Trainee: 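Once you've had a glance at the structure underneath, I'll fire off some questions.
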Amino acid sequence: MADLGLTWVRIGEFAWKRMEPVEGDLQFGWLDDAIGVLKDAGLKVVLGTPTATPPRWIIDKFPDMLAVDAKGRPRKFGSRRHYCFSHEGFKAECARIVTELAGRYGSIVDAWQTDNEYGCHDTTYSYSPAARDAFQSWLSRRYNGIGALNAAWGNVFWSMDYDDFDQIDLPNLTVTEPNPAHSLAFRRFSSDQVVAFNALQVEIIRAHSDTPILHNYMGRITDFDHYAVGADLDIASWDSYPLGFLEDRVGADAARQIAYARQGDPDFQAFHHDLYRAVGKGRLWIMEQQPGPVNWAPWNPEPLPGMVRLWTWEAFAHGAEAVCYFRWRQAPMAQEQMHAGLLRPDSEKAPAFDEAAEVAREIAGAPDVAPAQAPVALVYDYAAEWGWQVQPHGETLSYFGLVFDTYRALRKLGLSVDIIPPSAEALAGYRLILAPGLMTPEPAFKAALTRAEAEVIVGPRFGARTADMSTPVPLPPALPGLDVTVARVESLRPGLELPLDGGGRVTGFRDVLEGDAEVTLRLSDGSPVMVRAGSLSYLAGWLDDAGLRRVLEAAATRAGLATRVLPEGVRCRETATELFYFNYGTGAAEIDGQRLPPAGVRRDPKGG
């Protein structure tokens with residue numbers, strides 16, 4: 001590992017049974033030896049807490065600790081993440097094993113990872129008795145009496161009023177859809193449970209260790225507020241699997257999946273680098289970088305030669321401090337034996353080994369990457385994601401999809417983008433700010449957007465619901481100085497798109513506007529789609545690529561930002577001192593008269 005140029009090694013994240021074969025029988029000798037070998041080789045150690053894989057004896061002790069799915073079926077032992085975040089007995093066991101680890105290794109290891117991939121495998125939500133009891137307690141703290149809850153939720157509708165908090169069940173297995181307020185409250189509660197579970201471990205580790213603590217998030221897991229989890233951590237890391245994600249969560253059509261099958265989506269990795277850099281308050285790692293075919297996607301091709309190197313450098317260009325590959329050696333057994341590593345199961349080199357070695361040599365001979373604030377900010381809000389999940393209003397509509405379409409369109413124009421949380425403090429220093437689909441903005445953030453010293457575009461669905469999923473009055477967007485009202489809304493099935501005057505279309509979702517604000521974009525029938533006052537604009541539809549390009553080019557011009565249409569599959573990232581270019585295409589591209597080969601990476605000094 002050291003000879004290859006690796007620096008960090010993560011261990012222990014799934015090893016609870018090896019650490020404690022039976023309750024109270026702690027076996028750390030093997031872990032002492034492993035850490036010693038790694039440290040003697042000059043490698044730094046990230047020790048994972050093993051709470052994502054509770055051993056069988058804990059399930060035997062607490063049979064009701066297993067999560068229950070939305071159909072009322074308990075999860076079973078035999079894989080991983082088989083616990084409910086709300087089970088107090090299990091949390092006590094977690095606190096005990098983390099205390100043992102932190103006390104023994106707090107001054108020895110170089111960093112800590114809490115648990116593993118919160119929310120992966122649809123494990124944020126649990127409909128267990130433990131979750132029900134915890135939800136009732138959470139509601140009693142949130143609302144000042146059951147009458148206040150009934151009023152906030154509108155429970156007079158369909159005679160859904162409750163007489164006491166202990167009557168409130170979880171929002172599953174109802175005859176038809178549950179109350180949207182009930183569903184959103186359950187999502188908020190479930191997120192808070194993840195935050196509390198993580199904070200429990202962090203508090204214990206900090207009592208014994210002053211080394212950094214991180215968690216490894218996953219791609220497009222949106223069921224909990226990562227900003228809130230990250231507030232207790234030092235670093236945000238994530239597990240980057242470009243080929244697997246293109247297959248199962250990017251949302252690409254079949255043609256795009258084929259075109260980028262061996263490269264991954266050109267924007268999905270960068271989006272998460274930028275998101276998790278914000279979650280980490282500026283500090284980002286890649287804890288697991290895909291080195292070859294994985295085992296879990298619908299289809300698992302090999303990467304195009306050079307892509308492991310490209311993915312690594314792209315992470316560094318977006319501010320990553322470390323990129324770690326998963327895994328070192330391909331496992332010869334169990335669920336992940338088809339998951340490639342840097343080494344084959346026989347310890348011979350796999351193709352990614354040489355690409356990792358190439359990156360290590362390049363790092364040694366190149367200047368450090370100097371991150372810089374981008375000129376464009378894109379707001380991502382987990383509460384808005386939950387609101388869209390509860391009321392998508394169209395079968396294929398999602399908040400993530402809307403924000404990701406906007407991010408992609410910005411990057412196609414050669415713009416560097418920061419993703420920011422919905423907080424007033426995050427707005428400073430940007431020249432263009434976009435907040436698409438922000439359903440439930442806090443009043444302070446809403447006010448901050450209207451005062452921002454930047455071009456600002458909000459909508460559609462901006463401020464469409466209160467924190468309890470009711471329609472606000474005055475009707476949205478209710479932005480001071482912008483004379484516009486969303487009178488009604490409609491969703492548009494594929495094939496029902498609405499043409500824009502001048503090119504492009506509204507797809508998926510549309511706000512119907514009333515008011516006297518200046519109209520800057522119309523449908524071909526003259527209906528307003530975008531209005532503005534000063535530097536604040538409201539965009540009332542989900543636009544296709546051509547429509548987004550028109551809107552964003554115009555907004556960038558107003559903000560004093562230069563744009564350029566990049567070749568298909570080529571993306572760039574600006575740092576304090578350089579411009580990075582990345583070619584996700586299978587053919588060469590030309591940038592400023594120079595050839596960029598497939599899977600090519602180029603570093604241009606700024607001003608050079």
Side-chain angles (χ1 to χ4, degrees), residues 14 16-17 49-95 97 114-142 149 153 160 162 164-201 218 220-225 228-229 248-249 296 335 382 385-386 389-390:
F14 296 133
W16 196 337
K17 177 68 172 179
T49 66
T51 52
T53 52
R56 179 70 214 197
W57 61 260
I58 295 183
I59 284 82
D60 292 340
K61 183 177 181 179
F62 298 113
D64 59 345
M65 64 163 277
L66 295 169
V68 175
D69 71 13
K71 293 183 178 180
R73 302 170 301 194
R75 301 293 180 93
K76 292 183 178 181
F77 179 80
S79 60
R80 64 180 188 174
R81 301 214 52 76
H82 42 276
Y83 64 81
C84 174
F85 283 103
S86 297
H87 193 278
E88 294 300 327
F90 174 62
K91 287 194 287 186
E93 293 291 341
C94 292
I97 192 65
T114 57
D115 203 88
N116 188 82
E117 295 178 347
Y118 291 141
C120 193
H121 316 303
D122 192 21
T123 54
T124 300
Y125 303 137
S126 175
Y127 299 85
S128 68
R132 180 201 59 218
D133 294 347
F135 182 51
Q136 292 169 350
S137 296
W138 183 89
L139 291 171
S140 70
R141 295 190 300 272
R142 183 175 176 87
L149 180 145
W153 287 13
M160 294 183 294
Y162 298 104
D164 205 306
F165 288 102
D166 63 11
Q167 294 178 336
I168 303 174
D169 211 331
L170 300 175
N172 66 317
L173 300 176
T174 53
V175 174
T176 185
E177 64 179 291
N179 188 334
H182 192 172
S183 293
L184 182 61
F186 178 66
R187 283 165 167 78
R188 293 185 188 277
F189 154 78
S190 297
S191 177
D192 284 355
Q193 296 300 89
V194 179
V195 175
F197 183 86
N198 185 75
L200 172 68
Q201 298 195 23
M218 265 297 257
R220 199 172 179 174
I221 297 292
T222 59
D223 300 333
F224 64 93
D225 187 340
V229 171
D248 77 353
R249 67 195 67 186
W296 43 263
Q335 284 94 327
Y382 288 93
E385 172 70 30
W386 307 332
Q389 289 174 1
V390 171

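Note that the numbering runs from 1 along the sequence shown for the chain. Excluded from the calculations below are hydrogen atoms, water molecules and symmetry mates; all remaining heavy atoms, backbone and side chain alike, are included. Predicted model, so just to flag it, every value in this text is computed and none were measured.
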Trainee: Is it true that T49 and Q201 share a donor-acceptor pair across their side chains at a distance under 3.5 Å?
Mentor: yes
Trainee: Donor-acceptor check, side chain of S191 to backbone of R188, threshold 3.5 angstrom: yes or no?
Mentor: no
Trainee: Which pair of heavy atoms, one from Q193 and one from S86, lies closest together, and at what distance?
Mentor: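 In terms of heavy atoms, the two residues are closest at NE2-OG, 2.9 Å.
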Trainee: Do the side chains of N116 and F14 get nearer than 4.5 Å, heavy atoms only?
Mentor: yes
Trainee: When you check the gap from the basic side-chain N to the acidic O, do R81 and D115 get nearer than 4.0 Å?
Mentor: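 Yes, charged N to carboxylate O under 4.0 Å.
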Trainee: Is any side-chain heavy atom of M65 closer than 4.5 Å to one of P54?
Mentor: yes
Trainee: Is any side-chain heavy atom of R220 less than 4.5 Å from a side-chain heavy atom of D248?
Mentor: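 No; the side chains remain at least 4.5 Å from each other.
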Trainee: Might you point out which heavy atoms bring N198 and Y118 nearest each other, and give the distance in Å?
Mentor: OD1-OH, 2.9 Å
Trainee: Locate the shortest heavy-atom distance separating H121 from R80; write the atom from each residue and the value.
Mentor: NE2-NE, 2.9 Å
Trainee: So, taking the atom named OG1 in T51 and the one named CZ in F90, what distance separates them when rounded to the nearest 0.5 Å?
Mentor: 6.0 Å
Trainee: Where is the tightest heavy-atom contact between S126 and A131, given as atom of each residue plus distance?
Mentor: O-CB, 3.2 Å
Trainee: What do the steps show when you test H182 against M160 for side-chain contact (heavy atoms from CB on, under 4.5 Å), and what is the final call?
Mentor: CA-CA 11 Å; H182 192 172; M160 294 183 294; over 6 Å; no
Trainee: Kindly indicate whether the side chain of I58, heavy atoms from C-beta on, has any atom under 4.5 Å from the side chain of P55.
Mentor: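 I58 vs P55: side chains touch.
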Trainee: Return the minimal non-hydrogen interatomic distance between W153 and N179, and the atom names on each side.
Mentor: O-ND2, 3.0 Å
Trainee: Between F165 and L149, does the side-chain contact (heavy atoms from CB on, under 4.5 Å) criterion hold? Intermediate values first, please.
Mentor: CA-CA 9 Å; F165 288 102; L149 180 145; 3.8 Å; yes
Trainee: I'd like to know whether the aromatic ring centres of F224 and F197 sit less than 6.0 Å apart in this structure.
Mentor: no
Trainee: With heavy-atom distances below 4.5 Å as the criterion, would you say the side chains of R75 and D69 are in contact?
Mentor: yes
Trainee: Can you confirm whether or not the ring centre of Y83 sits under 6.0 Å from the ring centre of F62?
Mentor: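 No, too far apart.
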Trainee: Can you tell me how far NE2 of H82 sits from CZ of R56, rounded to the nearest 0.5 angstrom?
Mentor: 8.5 Å
Trainee: For L170, which of L173, N172, I168, T174 qualifies under side-chain contact (heavy atoms from CB on, under 4.5 Å)?
Mentor: N172
Trainee: Shortest non-hydrogen contact from W386 to D225?
Mentor: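 For W386 and D225, the tightest heavy-atom pair comes out as CZ2-N, 3.7 Å.
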Trainee: Under the ring-ring contact (aromatic ring centres under 6.0 Å, His included) test against F135, which residue among F186, Y127, Y125 passes?
Mentor: F186
Trainee: Are the side chain of D64 and the backbone N or O of P129 linked by a donor-acceptor pair below 3.5 Å?
Mentor: no
Trainee: Considering only heavy atoms from C-beta outward, does the side chain of I97 approach that of P50 to under 4.5 Å?
Mentor: yes
Trainee: Would you mind reporting whether R187 and D223 have side-chain heavy atoms less than 4.5 Å apart?
Mentor: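 No - every pair of side-chain heavy atoms lies 4.5 Å or more apart.
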